[in-house]
There are 2 protein chains.
Amino acid sequence: MGITKTEIFTDEQNKLALQLKAIAHPARIATLQLIIEAKACICGDLSAELGLAQPTVSQHLKELKNAGLIQGTIEGVSVCYCIEPEAWKNLNNELNKLFSSYKGINSCC
Amino acid sequence: MGITKTEIFTDEQNKLALQLKAIAHPARIATLQLIIEAKACICGDLSAELGLAQPTVSQHLKELKNAGLIQGTIEGVSVCYCIEPEAWKNLNNELNKLFSSYKGINSCC
DNA sequence: TTAATTAATCGTAATATTGCAATATAATTA
DNA sequence: TAATTATATTGCAATATTACGATTAATTAA
């Protein structure tokens, strides 16, 4: 079919998947890194730093924003993007839960 | 175009994106959780637990395996899947780096 | 008001993903 | 060997993603 069966999974699983999907692209990882290091936070600068066209970057920013991971503040004619601290912390926590639940070799293999 | 421009990103960014993409699906998150909790580790059991058809689960397992996150051990007629400890630890480390690089509110916004 | 600057949206082409029925492959058992 | 059991592969339809040119909106400056 081509559409994920979200109804058979928990809200937590679906939310984590959506936020991970938002990060799971090299351009968006690079974007987050640039934003975090404050090397660039407006679309045009990010476009230049990344080497991707402005509409492409705008689209990537939109996805990160839709996932709640960044927020945009209008500053005159441009928009300054930065990390949304709560969502960032929550995602970090969810991932820590997932990764720490693995305690090493288990019974079956 | 529809194809990611991997050549303009670092190997680290591309690898992290690939591994995150492997996890960024509720069925694969659920699969990892089942494997970790050792509630199911063979394709047929996972298929029953997840409520997805066997070929669908087999495909998801293949993607997790291609990303290096799980390994399969042939046990008679079936295959037991479990976490690949090194890759799991590495991904955890990479994510920790990314998340901890954010120190809170920065200058621009 | 007009021009300049910047971001967002639209439209589109190329490609990738999701899910499953049907089938093929591989290993064990009778 | 033949039947059984379990996984993997193939093929396909529906949908989603990626990238960007062209355009539109929104804000500031002249």
Side-chain angles (χ1 to χ4, degrees), chain A residues 1-9 13-14 17-31 35 40-67 70-82 108-109, chain B residues 1-9 13-14 17-31 35 40-67 70-82 108-109:
Chain A
M1 310 213 164
I3 189 162
T4 301
K5 283 183 147 185
T6 51
E7 72 277 8
I8 65 174
F9 303 106
Q13 288 167 337
N14 286 319
L18 278 178
Q19 293 197 321
L20 285 177
K21 194 156 72 171
I23 302 190
H25 189 287
R28 294 194 289 268
I29 291 174
T31 297
I35 288 176
C41 63
I42 76 173
C43 186
D45 292 350
L46 288 163
S47 172
E49 285 284 339
L50 294 169
L52 288 169
Q54 178 268 320
T56 305
V57 175
S58 182
Q59 193 176 259
H60 283 307
L61 288 168
K62 190 181 179 184
E63 286 180 59
L64 288 170
K65 203 174 161 213
N66 284 344
I70 61 171
Q71 64 196 165
T73 311
I74 298 172
E75 299 217 337
V77 103
S78 56
V79 178
C80 178
Y81 286 97
C82 53
C108 66
C109 46
Chain B
M1 313 216 160
I3 189 162
T4 300
K5 283 182 146 184
T6 52
E7 72 277 10
I8 64 173
F9 303 105
Q13 288 167 336
N14 285 318
L18 278 178
Q19 293 195 321
L20 285 177
K21 194 156 73 171
I23 303 190
H25 189 288
R28 294 194 288 270
I29 291 174
T31 297
I35 288 176
C41 62
I42 75 172
C43 185
D45 292 350
L46 288 164
S47 172
E49 285 283 340
L50 293 170
L52 288 170
Q54 178 268 320
T56 305
V57 176
S58 182
Q59 192 177 260
H60 283 307
L61 288 167
K62 190 181 180 184
E63 285 180 59
L64 288 170
K65 202 173 162 214
N66 283 344
I70 62 172
Q71 64 195 165
T73 312
I74 297 171
E75 299 216 338
V77 104
S78 56
V79 179
C80 179
Y81 286 97
C82 53
C108 65
C109 46

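We name chains A, B, ... by the order of the sequence lines, and we start the count at 1 in each one. Note that the structure is a prediction, hence the values are computed from the model and not measured.
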Taken to the nearest whole Å, CG/A/Asn66 to P/D/dT18 is 13 Å

Check: Looking at A/His60, does any N or O in its side chain come under 4.0 Å of the phosphate oxygens OP1/OP2 on D/dA19?
Finding: yes

- Query: Would you say the side chain of A/Ser58 lies within less than 4.5 Å of the side chain of A/Cys43, judging by non-hydrogen atoms?
  - Reply: yes

Testing C/dA26, D/dG21, C/dA8 for proximity to the side chain of A/Tyr81, the answer is C/dA8

Whichever of A/Ser78 and A/Lys21 has the more 5' nearest nucleotide on DNA chain C, that residue is A/Ser78

Picking from C/dT28, C/dA21, D/dT27, the nucleotide nearest the side-chain atoms of A/Val77 would be D/dT27

Contacts of A/Thr6 and A/Lys62 projected onto DNA chain C by closest heavy atom; the upstream (5') one is A/Lys62

Between CG of A/Leu50 and P of D/dT18 the distance, given in whole Å, is 14 Å

Would you indicate what A/Ile74 reaches in the nucleic acid, counting non-hydrogen atoms under 4.0 angstrom: base, sugar-phosphate, or nothing? nothing

Assign each of B/Lys65 and A/His25 the nucleotide of DNA chain D bearing its closest heavy atom; nearer the 5' end lies the nucleotide of B/Lys65

Here the distance between atom P of C/dA7 and atom CG of A/Leu46, to the nearest Å, is 9 Å

Taken to the nearest whole Å, CZ/A/Arg28 to P/D/dA16 is 15 Å

Ranking C/dA22, C/dA7, D/dT7 by distance to the side chain of B/Cys43, first place goes to D/dT7

When rounded to whole Å, the CD to P distance for the pair B/Glu7 and D/dA19 reads 9 Å

Is the closest side-chain heavy-atom distance between A/Asn66 and A/Lys62 below 4.5 Å? yes

- Query: If you look at every strand shown and take non-hydrogen atoms under 4.0 Å, does A/Leu61 touch a base, only sugar-phosphate, or nothing?
  - Reply: nothing

### Query
Are B/Thr56 and C/dG19 close enough that a side-chain N or O sits under 4.0 Å from OP1 or OP2?
no

* Asked: Ignoring hydrogens and geometry, is there a side-chain-to-backbone donor-acceptor pair from B/Arg28 to B/Lys21 under 3.5 Å?
  -> yes

When every non-hydrogen atom of B/Gly72 is compared with those of B/Lys65, the smallest separation belongs to N-CE, 4.2 Å

When rounded to whole Å, the CD1 to C1' distance for the pair B/Ile42 and C/dT28 reads 14 Å

Atom CD of B/Gln59 and atom P of C/dC20 are separated, to the nearest Å, by 10 Å

Assign each of A/Leu52 and A/Gly76 the nucleotide of DNA chain D bearing its closest heavy atom; nearer the 5' end lies the nucleotide of A/Leu52

Here the distance between atom P of D/dC20 and atom CD1 of B/Ile3, to the nearest Å, is 12 Å

In short, A/Ala67 meets A/Gln19 closest at the heavy-atom pair O-NE2, 3.1 Å

